[in-house]
Amino acid sequence: MTSKERAALRAKANPLEPIIQIGKEGISENLISQIDDTLDTRELIKIRVHLETSPEAPKELAQKLAEALEADVIQVIGGVIVLYREADEERIAEKRKKRGQGTEKAKAKKKVKIKGMRQRQREAEARNPYAKYDRPKYRGR
């Protein structure tokens with residue numbers, strides 16, 4: 001990545017708010033998967049490192065994250081890390097495919113049929129013949 005590209009990304013990252021925070025646990029598998037998903041959708045993210053509780057320095061954490069996620073470290077200022085990774089449609093499609101194949105419940109899509117008030121009333125009357133007496137009376141017609 002050239003310095004001009006990096007400078008342009010720094011300018012884009014300036015108004016962004018940190019989305020993810022790293023605290024006393026440091027880098028975990030859950031954190032990496034969360035950052036990975038976020039990079040797939042946003043490409044450019046800010047990460048806040050809590051300096052008091054973090055086990056490592058922000059620069060070290062940035063390098064570890066960049067290696068694990070195949071991303072570029074744009075800048076590290078204080079406790080803020082800016083990462084960039086270009087979105088790859090093939091990798092995103094593979095992830096979605098893997099997630100969908102997990103369980104039968106995930107495969108089966110639930111069909112939702114929205115019923116209107118009259119249809120619900122007819123079904124209630126079919127179950128209970130006295131339900132027609134519970135029907136609300138409309139006034140003013």
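Values below: every heavy atom of this structure, side chains too, minus hydrogens, waters and symmetry copies.
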Minimum heavy-atom separation for [X] to [Y], with atom names?
X    : Y    : answer
K115 : R120 : O-NH1, 3.1 Å
G79  : P58  : CA-CG, 4.3 Å
V73  : A62  : CG2-O, 3.6 Å
L44  : L16  : O-CD1, 3.7 Å

Any side-chain heavy-atom pair of [X] and [Y] under 4.5 Å:
X    : Y    : value
D40  : R91  : yes
L9   : M1   : yes
I19  : T38  : yes
Q121 : E125 : yes

Task: Verdict with reasoning, D72 to L83, per side-chain contact (heavy atoms from CB on, under 4.5 Å) - done: CA-CA 6 Å; D72 294 321; L83 291 179; over 6 Å; no

Measure from the side-chain N and O atoms of [X] to the backbone N and O of [Y], and report whether any donor-acceptor pair falls under 3.5 Å.
X   : Y   : result
R85 : L69 : yes
S54 : L51 : no
E5  : T2  : yes
K46 : V80 : no
E43 : A87 : yes

If you group Ile, Leu, Val, Met, Phe, Trp and Tyr by side-chain heavy-atom gaps below 4.5 Å, do [X] and [Y] land in one group?
X   : Y   : answer
I35 : Y84 : no
I81 : I27 : yes
I22 : I32 : yes
I45 : V49 : yes
I74 : V76 : no

Open item on the list: Return the CD to CG distance between Q34 and D36, rounded to the nearest 0.5 Å.
Closed with: 11.0 Å

Open item on the list: Is it the case that atom CZ in R10 sees more than 12 heavy atoms from other parts of the structure closer than 6.0 Å?
Closed with: yes

Task: Atom CD of E25: over 12 foreign heavy atoms under 6.0 Å - done: no

- [ ] For salt bridge (charged side-chain N to carboxylate O under 4.0 Å, His left out), just list the numbers for E56 and K64, CA-CA rounded to whole Å, side-chain angles, deciding distance to a tenth of an Å, and then say yes or no.
- [x] CA-CA 11 Å; E56 299 177 63; K64 286 184 180 180; 2.8 Å; yes

